[in-house]
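Take a look at the structure set out below.
Whatever order the structure lists ligands and atoms in, that order sets their numbers, starting from 1. The analysis underlying the following values was restricted to heavy atoms, covering all of them including side chains, and did not include hydrogens, waters or symmetry mates.
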Amino acid sequence: MAPINPQRKMSRGIRCAYFAAVGLVGVVVILVVVFSVLPQFDAMTSQTRENAPARVVVVGGGLAGLSAAVEASRHGAWVTIIEKEKNIGGNSAKATSGINAVGTSAQKAKGIEDSISVYIQDTLKSGDGLSNEDLVNILATNSAAAIDFLESFGLRLTDVVQLGGHSVPRTHRFPPTAEGKPVPVGWTLISTLKKYIEGSLKDTVNVLTLSTFKQLVIKDGRITGIEYIDNNGSVQTVEGAVVLTSGGFANDHTATSLLEKYVPSLASLPTTNGVWATGDIIKATSGANLSLIHMNKVQVHPTGFIEPSQPLAHTKFLAPEAIRGCGAILLNAEGKRFVNELGRRDHVTAKMVEHCKPYKGVEGNPIVAAMLLTQKVIDRFGAPAVGFYRFKGLIEDVGSVAKVAEKLGISVDIIRETLHAYRDAAGRGNDAFGKTVFPLTFEDDDHFFLAYVTPSLHYCMGGLKISTSAQVQQVDAASAKERSLPGLFAAGEVTGGVHGNNRLGGNSLLECVVFGRIAGQHAAHYV
Ligand SMILES: Cc1cc2nc3c(=O)[nH]c(=O)nc-3n(C[C@H](O)[C@H](O)[C@H](O)COP(=O)(O)OP(=O)(O)OC[C@H]3O[C@@H](n4cnc5c(N)ncnc54)[C@H](O)[C@@H]3O)c2cc1C
């Protein structure tokens, strides 16, 4: 047996004592830290709900609101979304044609040559010189980043179509699923962001539905929060910087209708908008001298579907512009084309008013054009989505060209003549109406489908005036000068300035993402 080394025995004892002491000190330090931090941690969690210093209130849960909320949260703010409906989504959830962008991987994969400057020119041209060029620049230069932002949630906007007024295809959509189910663009964007907010951001973003904005809280010339009416009818206050994203007023038939006030001649038209689009916030903030712009610029979309069982219905399903972008054409009651189907919305609408007659020739019915499409157009647009319109009775499977003529009550020779002339024009690359892009032509033995479409109120180009940082502008009562109102931001359809006289299809969803994100970031930094 080896002799015991007394020195070794001694150092082992010292080492044990040393480690015991260090361990004890360590435990004490940990306990001190835990007990001193716990109350702060508790205070932090209660700050999320009650009195966190950096807070942002977003009014409206559409695409602009959700984009703002995500960015504000990512920039360190506690966010409350106030939404008056039972569900978030607004008109954003109804969007069906797509979202514009330039220089995306989807455009590149399809060999589409586009540029930011061409996109800016298309948008400015469509706005008839009324658009704010700085805002349009920001919209265009941030468009690819907006798609990246959306795709960062696992989405793939790989389908690209060309809508009216665009020089090239740049409106991004979702292709159908592998099982052939349609993937509607607006609903998919909203449900994906909602899931992300309710999951990953659940600790910092609070969504209050059935809660209606009442008024801004203003202290010393700054916005410090809002009052809203909760789902029990009580008035509540939330403090923080405010981002207004409450949408437009294209369905405002209230006693204080903004349609009657700004565009009385259009107020009786049907609408594609949901019941929430009543411009509440514009009215509720009227005492705050907020600057408004282009309030009388309300877009009429040429193609709201007529539901044959109720042609006078006030709310219409939209026949998305992308159906025409995929090749559908419009005919008047005589079976003749009368317009470039890919012209601007206001142009197509004006030509319908000039050339079309009331549905079924009955006075009092809305004026209609027949929208003619074939199986090829449907395959291109997405057969599953068209399946929905057919299920609703909005698109009818007619069959042969002779049946089309029968349905329209005209000679088959006229229809054939129209289709042949269209084919010739496509061969030449232009027609008498200025059409230069012909997505598809028609053969006599194609399988045809028919729908009736009518002009419908669709979008408000005007609204709150904002700066390039999405700050709401106010006319200062003392100096009568315009300034950014501290603490107040806005984005989406509640604002005006980007679209001027006429919005290009696909520019609104983009505006929601680009300026929603800017508003969220600036609001978070402000607080
Ligand atoms: C049928 C249809 C199809 C469209 N298709 C396209 C398309 O393909 N591409 C495109 O770019 N654009 C499209 N548009 C336009 C586009 O969808 C909208 O302009 C855009 O989504 C508006 O977004 P937003 O976030 O500003 O407002 P919204 O999405 O309308 O959201 C506003 C929200 O604010 C809420 N709100 C309103 N008032 C209050 C209040 N007082 N208190 C609390 N909450 C309030 C509303 O309930 C609503 O949920 C389409 C529009 C419609 C109607």
Side-chain angles (χ1 to χ4, degrees), residues 57-69 80-101 139 143 146 161 163 171-174 184-190 193-194 207-215 226-230 243-252 271-285 299 301 303-305 315-323 325 345 456-461 463-464 490-496 498-499 503-516 519:
V57 192
V58 175
V59 181
L63 186 59
L66 300 191
S67 303
T80 306
I81 299 176
I82 302 289
E83 166 57 54
K84 72 172 172 180
E85 294 295 313
K86 190 169 161 219
N87 296 307
I88 61 172
N91 279 338
S92 304
K94 290 168 76 110
T96 37
S97 280
I99 173 167
N100 298 333
L139 182 84
S143 63
V161 295
L163 300 187
T171 307
H172 292 62
R173 301 158 49 78
F174 297 110
V185 61
W187 186 87
T188 305
L189 294 178
I190 290 293
L193 286 177
K194 178 174 184 272
V207 184
L208 301 178
T209 53
L210 293 173
S211 300
T212 305
F213 175 92
K214 185 165 183 284
Q215 61 182 8
I226 65 158
E227 280 183 6
Y228 70 95
I229 301 166
D230 72 11
V243 183
L244 300 174
T245 56
S246 49
F249 56 89
N251 196 2
D252 186 13
T271 181
T272 61
N273 280 208
V275 290
W276 46 82
T278 46
D280 311 2
I281 270 70
I282 301 283
K283 297 176 205 169
T285 57
Q299 182 168 71
H301 197 295
T303 59
F305 275 121
T315 302
K316 303 290 187 212
F317 281 101
L318 181 72
E321 194 167 325
I323 300 185
R345 290 175 179 179
S456 305
L457 292 167
H458 186 57
Y459 182 83
C460 299
M461 270 80 69
L464 299 170
E493 197 174 338
V494 73
T495 68
V498 171
H499 312 288
R503 174 178 71 89
L504 280 183
N507 264 1
S508 176
L509 292 182
L510 179 62
E511 173 189 28
C512 288
V513 178
V514 169
F515 288 98

Legend entry - Shortest non-hydrogen separation from Cys460 to Ala250 and the atoms involved: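 Reported closest heavy-atom pair: SG-N, 3.6 Å.
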How about [X] and [Y]: does a side-chain donor come under 3.5 Å of a side-chain acceptor?
{"X": "His499", "Y": "Gln299", "answer": "no"}
{"X": "Thr303", "Y": "Lys316", "answer": "no"}
{"X": "His301", "Y": "Ser456", "answer": "no"}
{"X": "Asn251", "Y": "Trp276", "answer": "no"}

Identify all N/O pairs between ligand 1 and the protein with a separation under 3.5 Å and present them as a table of atom names and distances.
| residue | atom | partner | partner atom | Å |
| --- | --- | --- | --- | --- |
| ligand 1 | 5 (N) | Thr96 | N | 3.4 |
| ligand 1 | 8 (O) | Thr96 | N | 3.4 |
| ligand 1 | 8 (O) | Ser97 | N | 2.7 |
| ligand 1 | 8 (O) | Gly98 | N | 2.9 |
| ligand 1 | 9 (N) | Gly98 | O | 2.8 |
| ligand 1 | 11 (O) | Gly506 | O | 3.4 |
| ligand 1 | 11 (O) | Ser508 | N | 3.1 |
| ligand 1 | 11 (O) | Leu509 | N | 2.8 |
| ligand 1 | 12 (N) | Arg503 | NH1 | 3.4 |
| ligand 1 | 17 (O) | Asn91 | O | 3.4 |
| ligand 1 | 19 (O) | Glu493 | OE1 | 2.7 |
| ligand 1 | 19 (O) | Ser508 | OG | 2.7 |
| ligand 1 | 21 (O) | Ser92 | N | 3.4 |
| ligand 1 | 21 (O) | Ser92 | OG | 2.8 |
| ligand 1 | 23 (O) | Ser92 | OG | 3.0 |
| ligand 1 | 25 (O) | Leu63 | N | 3.3 |
| ligand 1 | 25 (O) | Ala64 | N | 3.1 |
| ligand 1 | 26 (O) | Glu493 | N | 2.8 |
| ligand 1 | 29 (O) | Gly89 | O | 3.4 |
| ligand 1 | 29 (O) | Asn91 | N | 3.2 |
| ligand 1 | 29 (O) | Ser92 | N | 2.9 |
| ligand 1 | 29 (O) | Ser92 | OG | 2.5 |
| ligand 1 | 30 (O) | Asn91 | N | 3.0 |
| ligand 1 | 41 (N) | Asp280 | OD2 | 3.0 |
| ligand 1 | 42 (N) | Phe213 | N | 3.0 |
| ligand 1 | 44 (N) | Lys84 | N | 3.1 |
| ligand 1 | 47 (O) | Glu83 | OE2 | 2.6 |
| ligand 1 | 49 (O) | Glu83 | OE1 | 2.6 |
| ligand 1 | 49 (O) | Glu83 | OE2 | 3.1 |
| ligand 1 | 49 (O) | Gly90 | N | 3.4 |

Inset, instruction - Can you measure from CG (Leu63) to CG (Leu189) and round to the nearest 0.5 angstrom? - result: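 Going from the CG atom of Leu63 to the CG atom of Leu189 covers 6.0 Å.
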